[in-house]
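We number each residue from 1, following the sequence as shown.
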Amino acid sequence: LSNIYAAGGRWDEAEKVRKMMNDKGLEKQPGYSSIEVKNRIYNFVMGDESHPQKEEIYAKLQMLSLQMEEAGY
């Protein structure tokens with residue numbers, strides 16, 4: 001919720017949500033993405049750079065991002 005407020009420029013509301021979570025001892029779970037390749041599921045957690053093929057993965061993501069941008073997304 002705090003990220004939604006922040007994305008909308010509602011910084012005061014975002015700070016209130018973060019403070020409330022902190023006061024209640026709640027921790028934000030990191031975001032993650034999952035993909036399936038050849039019937040195997042791979043999970044990628046925000047900030048985790050431990051994957052042995054991370055360089056190739058990030059290079060592919062950069063290429064895909066540029067292709068999407070060129071296509072108007």
Side chain to side chain donor-acceptor pair (under 3.5 Å) involving D12 - partner list, sequence neighbours excluded: none
Same hydrophobic cluster for L61 and M46, using side-chain heavy-atom links shorter than 4.5 Å among ILVMFWY? no
Mind checking who shares a hydrophobic cluster with W11, ILVMFWY linked at side-chain heavy-atom distances under 4.5 Å? none
To the nearest 0.5 Å, how far apart are CG in N43 and OG in S34? 3.5 Å
For side chain to side chain contact (heavy atoms under 4.5 Å, CB included), just list the numbers for Q53 and H51, CA-CA rounded to whole Å, side-chain angles, deciding distance to a tenth of an Å, and then say yes or no. CA-CA 6 Å; Q53 293 177 297; H51 195 283; 3.7 Å; yes
For the hydrophobic clusters of this structure (ILVMFWY residues joined by side-chain heavy atoms under 4.5 Å, transitively), does one cluster hold both L64 and I35? no
Roughly how far, to the nearest 0.5 Å, is CG of N3 from CG of L1? 9.0 Å
Does atom CD of E69 have more than 12 heavy-atom neighbours, drawn from other residues, nucleotides or ligands, at distances under 6.0 Å? no
Listed partners of N22 passing side chain to side chain donor-acceptor pair (under 3.5 Å), at least two apart: none
At their closest point, which heavy atom of V17 faces which heavy atom of Y5, and how far apart are they? CG2-CE1, 3.7 Å
Which residues pass the ring pair (Phe, Tyr, Trp, His ring centres under 6.0 Å) test with Y58, not counting sequence neighbours? none
Under 6.0 Å from the CD atom of E27, do we count more than 12 heavy atoms belonging to anything else shown? no
With K19, which residues qualify under side chain to side chain donor-acceptor pair (under 3.5 Å), at least two apart? D23
Other ILVMFWY residues reachable from M20 by side-chain steps of under 4.5 Å: none
Do M68 and M63 land in one hydrophobic cluster if side-chain heavy atoms of ILVMFWY residues count as linked below 4.5 Å? no
Which heavy atom of S2 sits nearest a heavy atom of R18, and at what distance? OG-NE, 3.4 Å
Are I57 and Y42 grouped together when hydrophobic residues (ILVMFWY) are joined by side-chain heavy atoms under 4.5 angstrom apart? yes
